[in-house]
Amino acid sequence: MNTSRTLNVFLLKVAALIITLCTTPIQAENSSAVKVDVGVILDLKTGPGKMVQICMSLALADFYATRSSHSARISLHFRDSQGDDVLAASAAIDLLKNVKVQAILGPQMATQADFVIDLGEKVKVPILSPATSPSLSPNQSEYFIRVAYSASAQVKAIAAIVKAFDWREVVFVYEGSDFGRGVLPHLTDAMMDVGVSVAYRCVLPPSADDERILMELYKLMTMQTRVFVVHLQQTTGSRFFQKVKDEGMMSEGYVWMITDTFTSHLRSMDPSEIDDIQGVIGVKPYVQRVKNFTNKYTRKFYEENPETDRVEGLDVFGLWAYDSTTALATAIETVDTSHQGFKPAVSGESLSDLDAIGTSQLGPSLLKSIRNIKLNGLSGQFHIVNGELQPSVFQIVNVLGGEKGVGFWTEEYGISKKLKHSSPRGVYTANKEDLGAIIWPGDSHTVPKGWETPTNGKKKLRVGVPVKGGLEQFVKVTQDTQTNRVTATGFCIDVFEEVIKNLPFAAPFDYVPFPIPGNQNLPDYDALVSQVLLGSVDVVVGDVTILANRSKSVEFTLPFTESGVITVVPVRKDRRRSAWIFLRPLRTELWVTTGAFFVFIGSVIWVLEHHINKEFQGPPHKQFGMIFWFSFSTLVFAHREKVISNLSRFVIIVWVFVVLVLTSSYTASLTSMLTVQQLQPTITNLTDLIKNQEPVGYQEGSFVTGLLKFMHLESSKFRNYSTLEEYDEALTKGSQNGGVSAIVDELPYMRLFLAKYCRKYTMVGPTYKTAGFGFVISLTFNPES
């Protein structure tokens, strides 16, 4: 079996070599072309390093094959960094000092590139590196040309995916190096922009062993968040996901997202490594298929590595290496290459190897040519602006036996299934419907909700609730005598459970009942609040008022009800329904006085007129009737009798004026009684109650007793009640019959009371302000505990 496999591989290599010899064009060398030395620093022992090396060699071969009259020709000098930062720096110094290179391609790692960029800056030699870490910036180092997308370019695409599925929290898993730390601030800002919080940041050293990875995974298991964004190099990432699968975390309900560096290397990973990440979502720069070049690359790889049995998969970093080499060759064609020497240091003293190197004469002009260059490359639009390769399209892939494209993301349009957009230009969208079908971890087709109750049996919240005899509309607590299960209902409970339901994570809880007796010497709401401080409960939910003295030891949420303490008193009886209401505008004494004056005025007029006026003469019964008739007829100004005496006329004038005033006042008073609701309180101010030391009712367990004591009402005048019906009964009896003159309580309760007994009672001032109802938590409460 093994002999047959070896023979097949050998025949494939021979065939590839024959095809290469037959298809490789014979290139005519330009004898007058100036050689330009260019250094290349790669980790040549790894697959990605070998891939990049081959792509660079193919780029130069293709470039000069079509340019027989080229004026300059690049000569590549490869150095192996062996993945070591010191060796990479040593290789750069060797290339600059001994080879006199005019540019350096690489290194690939950010930690290696950091020092090499500083060298290039000092000797004025451009450094074209695919290092993606945002901690390295062309804006800070002029001679640094980034020939790959910055890792920060993908953060909006990742945030858009999280937003599309409405996940509220994520966990970052990243490498504790410049590669990982550089992208973290950008990724955090992108999540904040879409309203997503970062629950935890898991840092793995580049050299993390299995024990360290397992320790971090155990922490992740105990968390509620199930959305993880992984930003690791391929080597560390593969070991990480192997442990993830072993610990059962690559199962239904989990969401794993990988960044572009990892995703771009999926094609070069072993099948066993791919099997560990089934259901993972990844983003990577999108490039079209380059089948012809892939075939050429495969042949070249076998030619350069005859001992290998497996071709390193071609990815976007290889295409970028091809395009960056092409761009460098294009830039060199536009500059004067006749002066390639290095100017010696100005001081003339060689204090170090760098001082001995001096500064490149070609470097500044070459930098100017390549710092802003644009060409159509294998990777698409290869456009460098101010030393930075500009990102365009990111592809969203789902790992399912391999990588399966499920959508695209662009800065302008957001998420879409296709690159060709039918939506208006500039309309940004991020909807899960714009992605193709995704198979999630555990071979699940159901979109994970992003959080779960931790599998390690995380402690439930202990929610204290008050148990009292009345006002169950706000809180009602019942307990099953057989199972001891506590159930709570009411307005306050509804608010709390709605809040829990809308949290972006699971928050299991149990209700803990706390009795609120009606005796002043037994526990009240202050005692319930103190249970949080004592650690008996984690949260208190109910009709608990936010007070300054309570806030010293515990923390309150924002209030969810109206605030204020008010006084409710009975109203005087409404007498509008009485049949004798027309008599109410005037008091009895005024009615009697008015009637007497009518008789008196009639008698005065008769005395003054009956001797001289025939209309006031006649039989006694006629004269007696005239006295009453004349005076009462003036009430409606209907008297017919003429008066002759001037004194009579004067009396009538005065009397008519009095009648006018009297009738007007009567009409106004009667109108008011008939049209205005007469809900007049029996008491207009709480201060009057306190001054008269009248009995006052309040709700049992309430803080209102403290307010009344502060206002100097004697404790013997306090009456506590627990239900609305008891309030009504006490007010109906009144203070004279064992009841109370008023009820003092908080606004939410009193609105409920007045809604039921609106015709019997009314509110009187003043209103004493409070902060309203709030939920109570400890100042040291940790939701992850």
Side-chain angles (χ1 to χ4, degrees), residues 224 449 451-519 522-546 550 554-562 699-703 720-727 745-746 748-753 755-756 772-778 781-783 785:
Q224 296 172 333
K449 58 184 177 181
W451 58 266
E452 292 288 347
T453 303
T455 56
N456 66 334
K458 178 179 176 181
K459 180 179 67 176
K460 292 184 178 181
L461 288 176
R462 296 165 299 173
V463 180
V465 287
V467 180
K468 52 186 183 177
L471 291 171
E472 296 175 344
Q473 295 86 345
F474 289 92
V475 180
K476 180 181 179 181
V477 180
T478 57
Q479 187 169 9
D480 192 310
T481 56
Q482 296 181 351
T483 63
N484 288 328
R485 183 174 181 270
V486 178
T487 304
T489 57
F491 172 72
C492 298
I493 302 300
D494 291 342
V495 173
F496 171 72
E497 293 183 350
E498 191 66 28
V499 170
I500 293 295
K501 187 187 302 182
N502 285 274
L503 289 177
F505 51 83
F509 61 89
D510 286 325
Y511 288 120
V512 179
F514 186 86
I516 304 291
N519 193 308
L522 293 178
D524 57 8
Y525 276 81
D526 288 336
L528 172 58
V529 171
S530 67
Q531 297 303 304
V532 174
L533 185 61
L534 296 174
S536 300
V537 295
D538 301 311
V539 181
V540 169
V541 173
D543 47 350
V544 183
T545 305
I546 303 172
R550 294 174 180 172
V554 296
E555 187 72 34
F556 282 92
T557 63
L558 291 175
F560 58 90
T561 63
E562 293 182 276
Q699 185 184 169
E700 61 180 13
S702 174
F703 74 96
N720 62 70
Y721 304 102
S722 59
T723 65
L724 301 181
E725 291 73 20
E726 290 179 357
Y727 279 176
D745 209 341
E746 294 181 79
Y749 304 120
M750 292 294 91
R751 288 199 181 279
L752 194 63
F753 177 66
K756 186 173 183 180
F773 294 164
F775 303 141
V776 186
I777 59 176
S778 172
F781 174 64
N782 181 9
S785 61

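The structure displayed is predicted, hence computed values, not measured ones. Positions are given from 1, in the same order as the sequence printed here.
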Would Phe556 and Val776 satisfy side chain to side chain contact (heavy atoms under 4.5 Å, CB included), going step by step from the backbone distance to the final call? CA-CA 5 Å; Phe556 282 92; Val776 186; 3.4 Å; yes

Residues two or more places apart in sequence or in another chain: which of them pass side chain to side chain donor-acceptor pair (under 3.5 Å) with Tyr749? Asp543

On a heavy-atom basis, which atom in Lys468 and which in Ile516 lie closest, and how many Å separate them? CB-O, 4.2 Å

Can you see which heavy atom on Ile777 is nearest to which on Val532, and at what distance? C-CG1, 3.6 Å

Determine whether Leu724 and Gln473 satisfy the following criterion, side chain to side chain contact (heavy atoms under 4.5 Å, CB included), listing intermediate values before the conclusion. CA-CA 11 Å; Leu724 301 181; Gln473 295 86 345; 4.1 Å; yes

Are Tyr511 and Val477 packed together at the side-chain level, in the sense that at least one heavy-atom pair is separated by less than 4.5 angstrom? no

Those residues that, when tested against Asp526, pass salt bridge (Lys or Arg N to Asp or Glu O under 4.0 Å) (two or more places apart): Arg550

To the nearest 0.5 angstrom, please state how far the CG atom of Asp538 sits from the CD atom of Gln531. 12.0 Å

State the OG-CD distance between Ser722 and Glu472, to the nearest 0.5 angstrom. 9.0 Å

Ignoring hydrogens, what is the shortest heavy-atom contact between Gly542 and Pro466? Give both atom names and the distance. CA-CD, 4.2 Å

State, yes or no, whether a side-chain contact exists between Val463 and Phe775 at a heavy-atom distance under 4.5 Å. no

Heavy-atom side-chain proximity of Ile493 to Val541 below 4.5 angstrom: yes

Using side chain to side chain contact (heavy atoms under 4.5 Å, CB included) as the criterion, list what pairs up with Thr481, not counting sequence neighbours. none

Atom pair CE/CD of Met750 and Gln699 - distance to nearest 0.5 Å: 8.0 Å

Heavy-atom check, side chain of Phe560 versus side chain of Phe491, under 4.5 Å: yes

Measuring from Asp745:CG to Tyr721:OH, what's the distance to the nearest 0.5 Å? 12.5 Å

Do the ring planes of Phe474 and Phe773 sit parallel (below 30°), tilted (30 to 60°) or perpendicular (above 60°)? perpendicular

What closest approach, in Å, do Val467 and Pro513 show between heavy atoms, and which atom pair accounts for it? CG2-CB, 3.5 Å

Val539 and Phe509, any side-chain heavy atoms less than 4.5 Å apart: no

Would you say the side-chain atoms of Asp510 pair up with the backbone N or O of Arg462, donor to acceptor, closer than 3.5 Å? no

